[in-house]
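A short write-up of the structure that comes next.
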Amino acid sequence: MSDYDLFVIGAGSGGVRAARIAASHGARVAVAEEHRVGGTCVIRGCVPKKLLVYGAHFAEDLNDAAMFGWDVPSCSFNWPVLRDNVLGEVSRLEGLYKQTLATHDVTIIEERAVLAGPNQVRLASGRTVTADKILIATGAHPHMPQFEGSDLAISSNEVFFLEKMPKRVVIAGGGYIANEFAGIFHQFGAHVVLVNRGDTILRGYDEQMRDRLLHISMTKGLEFRFNSTFQKIEQNADGTLLATMTGCDDLDADVVLFATGRRPNVHGLGLEGVGVAIGDRGEIKVDEHSRTSVPSIFAIGDVTDRIQLTPVAIREGHAFADSQFGGKPWTVDYDNVPHAVFSHPPIASVGLTEGEAKNKLGQVRTFTSDFRPMKNVLAGRNERSLYKLVVDGGTDVVVGMHMIGPDAPEILQAAAVAVKAGLKKADFDRTVALHPTMSEELVLMR
Ligand code: NDP
């Protein structure tokens, strides 16, 4: 008999969910974690990032408060206070994750584990453990392009621990992390330059949303350099950095942050030895049941590089556990997964962009609402929101919803239910507006 029914490698969001659900189905489960329980999302991703986004937003709110009658005589920002409070919250959440595992009788092994066979795992301490099934949920790590001085740059792993708030930040990349941290650093008073290799930000998002974010960001004073590639980073005598690129002028910086994608954590896991197949992007190849090329070994989350989002990893872990240990097989539906960029202001989307819809459906109708939120009007903030519905011209079904503006992710999560349910534009039209809100625009577009 094996030591465990299930051995999970990696206690991130997906691994913890799989372990907990499998255990609740009666399986004997162990989970190994080499770093901290909680994984990227809780420890050095979504959660601390979102807390920084909240912290950053006070810069605008405190400023806007004057027009609402508040006298805010002087305010200054203290980075170490926010940093340490955020790190404290991360530790609290890590404790809760451990507690959840413990209450479900999941054994937590706080060391690195690698595959030693189809049903065998070797721990860093040298011990070998057997399991009927093994789940790899090791996540991904920031991809850092290698060039002269690239080791002087930091990634999103280090950004939460900065000793002091930098005055000048250069960010490489134009995706999620680049735009989110561009907003955060800018709100905290830093001068931010975002350098991207292509000629656009947020490739894959609806063009009008990207253009709006770019426009708002530039109006606020963020700078962008496109079609530029890093060549060199040098350290000046005073410790500051000088970045040299092709395609744009040199840039001085206190911090250079690389946000150029994340790669699956497969290195040294023993995959080749056991015969687990890896794809072109370094991802573990899996079928719709998250099964790898070795029948007893499964993989979920970022290490499979399907959609690199926490709720997707969680759902994959849940489906795996129900299917393998609960006698309730189901698979994850990857259609209409909502997603958001927590930029300033945030963007949120579900379904097809206008371009994708035109390619897929041919006949497409779009509806947009371009408006200044009430709060911005009184505050004298000239920042406009943009909502867009993409509708199948043949069936009237809403196939895409895209928003940029305050609270867009909060609004879109609820509205995504309508898109997932395949509701028609006519259903939106016959829903009475809830006034005065921003979200009422969703049912008022004609
Ligand atoms: P993204 O994939 O979002 O963006 C990567 C950016 O880096 C793109 O602009 C890309 O350019 C550029 N790039 C890629 N490779 C290179 C390279 N070798 N040299 C220079 N530039 C390069 O990655 P992030 O790192 O921002 O985030 C990683 C993932 O984490 C996201 O894809 C997302 O799945 C997840 N995430 C989700 C968040 C959320 O849900 N709010 C927040 C943060 C992360 P190009 O467009 O030309 O490819």
Side-chain angles (χ1 to χ4, degrees), residues 12-14 39-54 56 139-147 150 153-160 170-184 193-205 207 209-210 213-214 217 224-233 243-248 256-265 281-283 301-316 334 337-350 403-404 408-410 412-413 416:
S13 303
T40 299
C41 177
V42 175
I43 305 296
R44 50 187 178 276
C46 329
V47 171
K49 179 277 310 284
K50 185 70 186 282
L51 292 170
L52 293 190
V53 169
Y54 280 131
H141 62 276
H143 164 59
M144 303 291 281
Q146 294 302 305
F147 56 89
S150 58
I154 63 166
S155 74
S156 56
N157 284 350
E158 292 79 43
V159 76
F160 301 103
V170 170
I171 302 179
Y176 280 84
I177 297 174
N179 282 285
E180 291 180 344
F181 275 94
I184 290 168
V193 186
L194 196 146
V195 179
N196 198 19
R197 66 175 177 184
D199 59 2
T200 180
I201 56 167
L202 293 171
R203 198 157 50 81
Y205 271 82
E207 202 173 326
M209 304 298 133
R210 297 192 256 144
L213 179 62
L214 191 59
S217 301
F224 292 82
R225 305 282 189 274
F226 291 112
N227 300 313
S228 302
T229 305
F230 276 75
Q231 276 194 317
K232 191 166 54 164
I233 303 177
T244 309
M245 282 79 51
T246 56
C248 69
V256 177
L257 169 66
F258 262 74
T260 44
R262 295 174 59 82
R263 298 277 161 87
N265 283 333
R281 302 182 311 279
E283 82 285 8
D302 287 1
V303 75
T304 63
D305 203 15
R306 287 176 276 188
I307 301 181
Q308 287 187 338
L309 294 177
T310 298
V312 173
I314 289 175
R315 203 162 265 252
E316 289 168 354
Y334 294 95
V337 172
H339 43 104
V341 186
F342 293 93
S343 41
H344 278 79
I347 296 180
S349 283
V350 64
M403 309 168 73
I404 177 167
E410 302 289 345
L412 186 118
Q413 172 69 88

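Both ligands and their constituent atoms are indexed starting at 1 by order of listing. One-based numbering along the sequence shown.
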Inset, instruction - Kindly compute the distance separating OG (S13) from CG (D302), expressed to the nearest 0.5 Å. - result: 9.0 Å
Inset, instruction - Starting at CD1 of I347, measure out to CE of M403 and round the result to the nearest 0.5 Å. - result: 11.5 Å
Legend entry - Residues lining ligand 1 [heavy-atom distance under 4.0 Å, listed by chain and residue number]: K49, H143, P145, G173, G174, G175, Y176, I177, E180, N196, R197, R203, A259, T260, G261, R262, Q308, L309, A340, F342
Inset, instruction - Show your reasoning for whether side-chain contact (heavy atoms from CB on, under 4.5 Å) applies to M144 and S150. - result: CA-CA 8 Å; M144 303 291 281; S150 58; over 6 Å; no
Inset, instruction - Sequence neighbours left out, what passes salt bridge (Lys or Arg N to Asp or Glu O under 4.0 Å) with R203? Give chain and number order. - result: none
Without placing hydrogens or testing angles, list every side-chain donor-acceptor pair under 3.5 Å for residues 174-181, not counting sequence neighbours.
| residue | atom | partner | partner atom | Å |
| --- | --- | --- | --- | --- |
| Y176 | OH | Y205 | OH | 3.0 |
| N179 | ND2 | G174 | O | 3.0 |
| N179 | ND2 | G175 | O | 2.9 |
| E180 | OE1 | K49 | NZ | 2.7 |
| E180 | OE2 | K49 | NZ | 3.3 |
| E180 | OE2 | F342 | N | 2.8 |

Legend entry - Residue list, side chain to side chain donor-acceptor pair (under 3.5 Å) with T304, at least two apart or on another chain: R306
